[in-house]
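For clarity, every value in this text was computed on a predicted model and none was experimentally measured. Numbered from 1 within each chain, the chains take letters A, B, ... in sequence-line order.
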Amino acid sequence: MEERILAYCRDRGLPEPRLTWGWIPFNGHWGIATSFFQLAAAEARAGGAKVNVGQRANELAEEIAAHLGTPEGFERVEAVKGYLNLYFRTAEYASNVVESALAEGPAFGRAPRLGQRVMVEFSQPNTHKAFHVGHLRSAILGDTLCRILESAGYDVVRANYPGDIGLHVIKWLWNYMKFHAGEKPEKDITRWVGDLYAEANRRLQENPDLEGEVRALYARWDQRDPEVRKLWEVTRQWSLDGFTEMYDQLDIRFDVYYFPSMVEDSGKDTVDELIAKGIAQDERPAGPVIVKIDEQLGLTQEKYRVLVVLRSDGTALYATEDLALARLKFEDYPDLVKSYYVVDVRQSLHFLQVFKTLELAGYDWAGRCQHVPYELVTLPGNVVMASREGTVVLLENLIREATQRALAVVEEKNPDLDPAQKLEVAKAVGLGAIKYPMLARENGKIVTFDWQSALDFNGQAAPYIQYAHVRANSILRKAGIESLDALPPSRGVEYELAPAEVQLIELISRFPKEVQRAASELKPLHIANIAYDLAKTFTDFYNDCPVLIADEPVRSWRLRLVAAARQAIANSLNLLGIRAPEAM
RNA sequence: GCCCCUGUAGCUCAAUGGACAGAGCACCUGCCUUCUAAGCAGUUGGUUGAGAGUUCGAAUCUCUCCUGGGGCGCCA
C-alpha cells in the first residue's frame, strides 16, 4: 500500500512523504488512516508559494484515494479533511481476529519467546515491621510488570529484597527479649509482628533512657552474639512466613529472595575494591568512604554528586549493600539483558549513583540495571503512611474489608450462587478493586488512598471488567457451550456487522499490541486501559446486539465473537493479576 | 542554591505530535416480563497552571515563569 502511494508521489514529482499509519478514530469503523499534511507542507516549502496546507492535504488525499481505487483486502477508501482512510473489508478481518483469539486462547496476546532473561526486583518489605497499603504498590506494580514482560516474550526472574537488618530489627528484638520472651505468633503473624514494632517505638519514646539498652543490643549483634543471631533468624522467619501468606492472598509469587544480610559483607569487599581502583576515597576515620562521581566523570555541573559507600565506623549502608546486590544478581544470572528495580521515586538519585559507580568500576552489565520509579500511596491530605506515626492502613484490614464488602454485594445480587463460589467471587472482586486503582494511572503519579473509593465497585474499576467477563460467560453458558469445542463452527461473517460488533473486534485486535507497548514502556496503565475499554465495548455490544435470540447465521457468529471477547478480557485481567470470575 | 516529578471537567484520572480533549465519581432525569441493573441511556460540566517558541498541526516537544510534591556526603 505504502509502495503504491510512494510511487504515485514519485510519478507526480511530489516530495517523498513520510507516512505514519494510525487507526481510524471513529466508533464502529475499522481501518487505518494516514494524513497528508506533512506532504502538503513539504510541497509548500519547496515551492515557496503560499498555500492552504489543510486544503492542499485534502486535495492530495483525494487524488491518491482516486488513484488507489479500492485495493485488495479493503472495503472502501475515502479522503476526509486531509486524511486518507482505508476501511478494512470488515468480514475478512473480523473473522481473522476472532479466529486467532479463539485459537490462541490463554496465549492470545502473548509474543513468541525471545530467549532473553530479565530480572524484576520488587516489593522490598521490612521484616519485623507491619505490611501496609503503602507497601502494596511496589508489590502490585512489580508483579504486573513481570506478567507483562513474560507475555511480551521475556523469561522473567521475580526477585524480592526484604530488609532484614538494621536498627528497626534491633529495636524489635530488644522489645521482644525484654517484654515478650518466649511468645510465638498464633495467626495474623504480620499484624502481631507490626504491633510489637510499634510497641517498641512507643516504649522508647516514653522512656528515652532505654535507648542505651538498644545500643547495647546492637553491639551484641555486631559481635555476632549467637543468642541474638539465633533469635533474629527465628523471628525473621516469622515475618517472612507472614509475607508469604500475604503474597499468596494477592496471587503474587517470587522466584528468588535476596537479603541485605546476604550482601553486607560482600558489599564491604566491593567498597575495598573501589578504594583499590581509586574510584572511592577513604576518609576514615575522620569521614566516610565516598565516591565523587561527578569528579570521576569530569563533569563541571553537578549531576551524580557524591555517594557515601561506607560509614566512617566501617559499617555498611544501603548503598554498600546495593553495590554487592547488583553484582550478585549478575553472578546468579549472567545472561540478564535487564535488571529492573521497582522502587519508589525518592530513590532515583541513589540508583543513578549506584549504577554509575558500578560502571566506573568497569562492570559492563551496569548499564543493564534500570530503576523503575513509582510514586507513593498516601492518605488524604498527602499524609505519608508511616508505621511509627501510626498513619497506616494495614493490608490485612484492607483485604478483609474489601472482601467482606464484596461478599455483601454478591449476597444481594446473586443469592442463589453456591456459598463457596460466593466467597471466591468476593475475593476476586475485593482484590481486583484494590489492585486496579494502583495500576490504572501513571507510575509517577501519587495514589491517594481513601476507603470510600477503594471500596467503590462501580464505574471504571476492576469489578466492571469482571462483570463484563461474567456476562460473556453467561451468554455462552445459556447457549449450552461448556467448552470452546462446543462453539458453532466457523463460517466467517455472512451478514453486515453492527457498529458495536466492529468496535469490539477492533479492540480485541489491538490487545496484543498493547501488551508489547506496556512491556516496552514498563507501564501497566496501558493494560488497565485496554482491559477497561474491552469491557466497555463488550457492554455496548451486549446492549445493542442480542445473541441467543438472534437468527442464523448471526447467532453462530456472535457466539464465537462473545467467546473471543471473553478470552481477551480474561487475558487482560490476568496480566493485571486480577481474577476473572465465571459468575458474580 | 541545584536536580527530578507534577498541574487536563467540582473530584479521581485517560488521551502513538494529528480529526469534535475522553472516562469514572458526584449531581440531576429516565430504564429491570427481553443473554445477570456490580448495568444502560440522557442532562450538566474545559481559555489542558501562565506566557512565548518550534510545527501544516501542541495537553503532548523547547524555553521562561508560577503551583504542589520529592531528592541532594555517613536514613533506608
Side-chain angles (χ1 to χ4, degrees), chain A residues 20-26 33-45 51-54 56-57 80-83 85 124 126 163 166-168 260 283-284 287-292 301-303 305-313 315 317-319 321 344-350 352-353 373 375-376 378 382 406 409-410 412-414 429 437 440-442 444-448 450 452-453 456-461 463-464 466-468 470-479 513 517 525 528-529 532-533 536 539-540 542-550 558 562 583-584:
Chain A
T20 49
W21 297 93
W23 287 289
I24 296 172
F26 305 118
T34 190
S35 70
F36 290 95
F37 299 111
Q38 242 171 21
L39 178 55
E43 191 187 36
R45 272 194 297 274
V51 289
N52 181 329
V53 170
R56 177 63 184 142
V80 184
K81 296 185 190 171
Y83 289 85
N85 292 340
Q124 309 80 354
N126 283 320
L167 184 59
H168 77 274
E283 299 182 342
R284 286 175 296 177
V289 181
I290 59 173
V291 180
K292 293 183 172 174
Q301 204 183 354
E302 56 180 6
K303 179 173 180 188
R305 297 167 184 265
V306 174
L307 177 64
V308 178
V309 290
L310 199 66
R311 285 200 188 91
S312 50
D313 65 2
T315 55
L317 289 153
Y318 216 61
E321 289 148 8
D344 83 72
V345 66
R346 299 178 186 199
Q347 309 203 19
S348 295
L349 178 60
H350 166 79
L352 203 60
Q353 293 176 324
E375 258 295 358
L376 300 182
T378 64
N382 208 18
V409 180
V410 189
E412 181 197 330
K413 304 279 182 192
N414 205 344
V429 169
R441 68 217 326 84
E442 292 279 359
K445 281 196 172 155
I446 293 174
V447 173
T448 304
D450 72 279
Q452 198 185 338
S453 53
D456 188 354
F457 298 152
N458 297 316
Q460 188 167 3
Y464 179 91
Q466 292 168 317
Y467 189 57
V470 163
R471 283 173 145 182
N473 195 59
S474 176
I475 291 175
L476 295 171
R477 192 179 57 244
K478 294 215 163 163
K513 289 191 172 75
R517 193 173 155 216
L525 166 66
N529 281 347
Y532 177 74
D533 288 343
K536 175 109 184 123
T539 302
D540 288 343
Y542 183 91
N543 291 322
D544 291 352
C545 304
V547 177
L548 297 178
I549 59 168
R558 284 187 178 163
V562 169
M584 59 192 273

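- Distances from the side chain of A:L317 to the nucleotides B:A37, B:C74, B:A15 place B:C74 closest.
- Rounded to a whole Å, the CD atom of A:Q353 is 9 Å from the P atom of B:C72.
- Here A:N458 does not reach the OP1 or OP2 of B:G24: none of its side-chain N or O atoms lies under 4.0 Å away.
- Regarding contacts with the backbone of B:C5, every side-chain N or O of A:R346 stays at 4.0 angstrom or more from both OP1 and OP2.
- In textbook terms, a nucleotide whose glycosidic angle is within 90° of 0 is syn, and B:C32 is one such case.
- For A:L525, whose side chain is taken as the heavy atoms from C-beta onward, the closest listed nucleotide among B:C40, B:A14, B:A19 is B:A14.
- With rounding to whole Å, A:E43 atom CD is found 13 Å from B:C56 atom P.
- Side-chain contact check for A:D450 and A:S453: at least one donor-acceptor pair (N or O, by modelled atom type) lies under 3.5 Å.
- Comparing B:G10 with B:C5, their P atoms are spaced 27 Å from each other, to the whole Å.
- Here B:C35 is the nucleotide among B:C35, B:G39, B:A23 with the atom lying nearest to any side-chain atom of A:I475.
- Set against B:A37, B:G73, B:G71, the side chain of A:R471 has B:A37 as its closest nucleotide.
- Between A:E442 atom CD and B:U12 atom P the separation is 16 Å, expressed in whole Å.
- Using a 4.0 Å heavy-atom cutoff across all strands shown, A:N414 reaches at least one base atom of the nucleic acid.
- Of the candidate nucleotides B:G24, B:C13, B:C74, B:G24 has the atom lying nearest to any side-chain atom of A:K536.
- Atom NZ in A:K81 sits roughly 14 Å away from atom C1' in B:G57 (whole-Å rounding).
- In this structure, A:L349 atom CG and B:C5 atom C1' are separated by 14 Å, rounded to whole Å.
- Taking 3.5 Å as the limit, the base of B:C74 and the side chain of A:S312 contain a donor-acceptor pair of atoms between them.
- B:U29 is paired with B:A41 under the criterion used here, namely a Watson-Crick or G-U wobble arrangement in which both key atom distances are under 3.5 Å.
- When side chains are defined from C-beta on, A:M584 does not count as touching A:N414, because their heavy atoms never get closer than 4.5 Å.
- Ion pairing between A:R305 and A:E302 holds under the 4.0 Å rule for side-chain N and carboxylate O.
- A:M584 has its CE atom 18 Å from the P atom of B:C35, to the nearest Å.
- Along RNA chain B, the nucleotide nearest to A:V547 and the one nearest to A:H168 differ in position, and the one closer to the 5' end is contacted by A:V547.
- In this structure, A:E375 atom CD and B:G68 atom P are separated by 16 Å, rounded to whole Å.
- Checking B:G39, B:A23, B:C74 against the side-chain heavy atoms of A:Y532 singles out B:A23 as nearest.
- Side-chain contact between A:R558 and A:P546: present, with at least one pair of heavy atoms (C-beta onward) separated by less than 4.5 Å.
- Listed nucleotides B:G71, B:C56, B:C74 differ in distance to A:F37; the shortest reach to its side chain belongs to B:C56.
- Between the C1' atoms of B:A37 and B:A21, the separation comes to 31 Å (whole Å).
- The nucleotide B:A59 finds no pairing partner, because no Watson-Crick or G-U wobble arrangement with both distances shorter than 3.5 Å includes it.
- Phosphate proximity of B:U12 to A:K445: absent, as no side-chain N or O sits under 4.0 Å from OP1 or OP2.
- The partner of B:C65, taking Watson-Crick or G-U wobble pairs whose two distances both stay under 3.5 Å, is B:G49.
- Taking side-chain N and O atoms only, A:Y318 has no distance below 4.0 Å to OP1 or OP2 of B:G73.
- Counting atom types as modelled, A:R305 pairs no side-chain N or O with a base atom of B:C3 as donor and acceptor under 3.5 Å.
- Figure legend. B:A76 is base-paired to no nucleotide; pairs are counted as Watson-Crick or G-U wobble with both atom distances under 3.5 Å.
- When distances run from any side-chain atom of A:P288 to the nucleotides B:G73, B:A23, B:A38, the shortest one goes to B:G73.
- Picking from B:C56, B:C74, B:A14 the nucleotide with the shortest atom distance to the side chain of A:A41 gives B:C56.
- Look at B:A23: its Watson-Crick or wobble partner, with both distances under 3.5 angstrom, is B:U12.
- Using a 4.0 Å heavy-atom cutoff across all strands shown, A:V289 reaches no nucleic acid atom at all.
- Take the nearest nucleotide of RNA chain B for A:D313 and for A:A33: the residue whose nucleotide is more 5' is A:A33.
- The separation between A:D533 atom CG and B:A15 atom C1' is 10 Å, rounded to whole Å.
- Distances from the side chain of A:R517 to the nucleotides B:G71, B:U16, B:A14 place B:U16 closest.
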